[in-house]
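Notes to accompany the following structure.
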Amino acid sequence: MIDPRTVLFLASMLGGLMAVVLFVLRRTHPARIDGLGTWSLGLLGIAVGTMLAFCRPWLPEMLTVSVARVLLLGSLFAIYLGTLRFIGLKPNLRVWVPVILMGVMLQVVFTHVHPSFHARLIVATSLAASLFLSQAWVLWAHATPTFAPRLCLAVSLLLAMLQLMRLVTSFVLPLGESVYVTTTPNMVYVVGLALAVLFYSVGMVLMASERLRTELEQLATRDSLTNAINRRQMTALFENELERCHRQDRSMGLLLLDLDHFKTINDTYGHQAGDEVLIKLVANTKLLLRQSDQVARFGGEEFAVLLPDTSLEKAIAAAERIRASCAAPGKGLSCTVSIGVTTNQNDADTLDSMLARADKAMYRAKANGRNRVETG
């Protein structure tokens, strides 16, 4: 028969080890990846709480029961908060803080004022199940549907089921007066809890790794200021789309945009104001385009727009929408644009040839008075 005390000791060691791993990840990952420190504190609290429970025969009941229970409840809440922070959500502290405090008070009351193992168990399992179910809902509704969040979701549901199982069986089966009894329900609960801590910790590490990979991909393919794709990514997308057009005899549009008198904005209002104009231009342009269209920053105040499955007439219409939107009066600084438009013309067309035509058309728009659309 497995010794529950040994399982608790191993769970404490695993929790402490994974807390260290997450703390190191917090120090080495970008600050934008939030929640790792809170997860680390939660796992550390689980490690300390289970170690106190392990030391029950040798330490006062205040430490091994009251403090251990408070640590475990607080640690589960910290892991829930860490998950919310990682996903970018704010916790409803007005609900959870009073609930957690009430649970802590009841644990103390049923330990020292009106001692009752069963009452303590009801309070602890009810709160833990609520936290696990809330965490499962957050992961299901808001996390990306990849392996790591789904692993954490499955473990959260398993933990909630274990807590509810322990709660229900406490009314129909003899559980004894401590977590150390070797009844089958208690062993399932203790072993399941230890394994769940391990798997959930692995899931948290994998979620952090997935987020880091996403961040690196973002840096490799996106302009950090405007969040438009960069020239390298645009070149790859353009070449793929042009190859598809050659293969399927389709038409694609290319727009080159250059902001008019942008240097004057920087010189008059400062580079921060100029940055805001660029950000606003990209955001507004994306709203005017289809989901399949792509906006790229080519450098400085010059942008390119890729329009798959688009004729010359539709490309000109899209360019006019962008020009009119930029020229329309609005809040804050604005800037007009000169736009060159072209489409693929034959099977020999390349990115360089299309860019050359769009570039000539754009400079013709500037020469003809700016705030214009010209074709090439």
Side-chain angles (χ1 to χ4, degrees), residues 223 225-226 228-246 249-267 274 277-330 333-376:
D223 173 57
L225 175 66
T226 63
I229 62 175
N230 58 26
R231 185 162 186 162
R232 177 184 176 185
Q233 180 70 1
M234 181 68 162
T235 299
L237 293 175
F238 184 98
E239 290 176 346
N240 289 336
E241 183 61 28
L242 187 57
E243 181 182 350
R244 191 173 74 91
C245 288
H246 290 163
D249 192 25
R250 293 176 178 269
S251 177
M252 59 178 286
L254 175 66
L255 314 182
L256 277 187
L257 294 70
D258 192 84
L259 277 73
D260 300 327
H261 305 297
F262 184 70
K263 186 176 183 300
T264 302
I265 291 179
N266 279 333
D267 293 342
V277 171
L278 296 176
I279 295 170
K280 180 182 176 181
L281 168 68
V282 172
N284 289 343
T285 299
K286 288 181 178 179
L287 292 176
L288 299 171
L289 299 174
R290 302 166 299 181
Q291 189 173 4
S292 59
D293 301 333
Q294 298 288 344
V295 182
R297 188 180 183 186
F298 264 34
E301 68 271 23
E302 189 172 88
F303 295 85
V305 178
L306 172 64
L307 304 170
D309 295 320
T310 303
S311 64
L312 180 60
E313 292 75 16
K314 290 182 179 179
I316 293 172
E320 283 291 353
R321 288 197 301 272
I322 295 170
R323 183 206 62 77
S325 175
C326 292
L333 292 172
S334 60
C335 188
T336 62
V337 293
S338 298
I339 307 177
V341 182
T342 192
T343 56
N344 59 308
Q345 297 179 356
N346 53 61
D347 289 345
D349 245 342
T350 64
L351 171 60
D352 290 338
S353 62
M354 289 185 66
L355 282 174
R357 291 199 302 271
D359 193 57
K360 288 181 180 178
M362 182 186 68
Y363 276 100
R364 191 160 56 249
K366 286 187 173 294
N368 290 336
R370 295 184 170 85
N371 190 25
R372 293 175 57 86
V373 174
E374 295 284 349
T375 61

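Just so it is clear, the structure is predicted and the values come from calculations on it, not from any experiment.
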With sequence neighbours excluded, residues passing side chain to side chain donor-acceptor pair (under 3.5 Å) with Gln345 = none
Can you tell me how far the [atom1] atom of [X] sits from the [atom2] atom of [Y], to the nearest 0.5 Å?
X: Phe238; Y: Ile229; atom1: CZ; atom2: CD1; value: 11.5 Å
X: Ile316; Y: Glu374; atom1: CD1; atom2: CD; value: 9.5 Å
X: Leu256; Y: Thr342; atom1: CG; atom2: OG1; value: 9.5 Å
X: Gln233; Y: Leu237; atom1: CD; atom2: CG; value: 4.5 Å
X: Glu239; Y: Met234; atom1: CD; atom2: CE; value: 11.5 Å
X: Cys326; Y: Arg321; atom1: SG; atom2: CZ; value: 12.5 Å

For [X], does the [atom1] atom have more than 12 heavy-atom neighbours from other residues, nucleotides or ligands under 6.0 Å away?
X: Tyr363; atom1: OH; result: no
X: Arg290; atom1: CZ; result: yes
X: Asn346; atom1: CG; result: yes
X: Lys366; atom1: NZ; result: yes

key: Nearest heavy-atom neighbours spanning Gly376 and Ala361   =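 Closest approach of Gly376 to Ala361, heavy atoms only: N-CB, 3.8 Å.
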Closest non-hydrogen atom pair between Gly253 and Ala315, with its separation = CA-CB, 4.4 Å
Atom pairs and distances, donor-acceptor, side-chain atoms in residues 300-309, under 3.5 Å, two or more places apart:
from	atom 1	to	atom 2	distance (Å)
Asp309	OD1	Arg244	NH2	3.2
Asp309	OD1	Arg250	NH1	3.2
Asp309	OD2	Arg244	NH2	3.1

inquiry  = Show, in sequence, the C-alpha distance, side-chain angles and deciding distance for Arg357 and Asp349, and conclude whether the salt bridge (charged side-chain N to carboxylate O under 4.0 Å, His left out) test is met.
reply    = CA-CA 11 Å; Arg357 291 199 302 271; Asp349 245 342; 2.9 Å; yes
Non-hydrogen side-chain atoms of [X] and [Y] separated by less than 4.5 Å:
X: Leu254; Y: Val341; value: no
X: Leu278; Y: Leu259; value: yes
X: Asn371; Y: Ser338; value: no
X: Ser251; Y: Leu312; value: no

key: Residue pair Ile265, His261: steps toward the side chain to side chain contact (heavy atoms under 4.5 Å, CB included) verdict   = CA-CA 7 Å; Ile265 291 179; His261 305 297; over 6 Å; no
task = Given side chain to side chain contact (heavy atoms under 4.5 Å, CB included), test Thr310 with Thr343 step by step and report yes or no.
result = CA-CA 8 Å; Thr310 303; Thr343 56; 5.9 Å; no
Side chains of [Y] and [X]: any donor to acceptor distance under 3.5 Å?
X: Asp223; Y: Thr226; answer: yes
X: Arg297; Y: Asn230; answer: no
X: Thr336; Y: Asp260; answer: yes

Whether the side chain of [X] engages the backbone of [Y] through a donor-acceptor N/O pair (distance < 3.5 Å, no angle test) should be reported.
X: Ser353; Y: Thr350; value: yes
X: Asn284; Y: Leu281; value: no
X: Arg364; Y: Asp359; value: no
X: Asp293; Y: Leu289; value: no

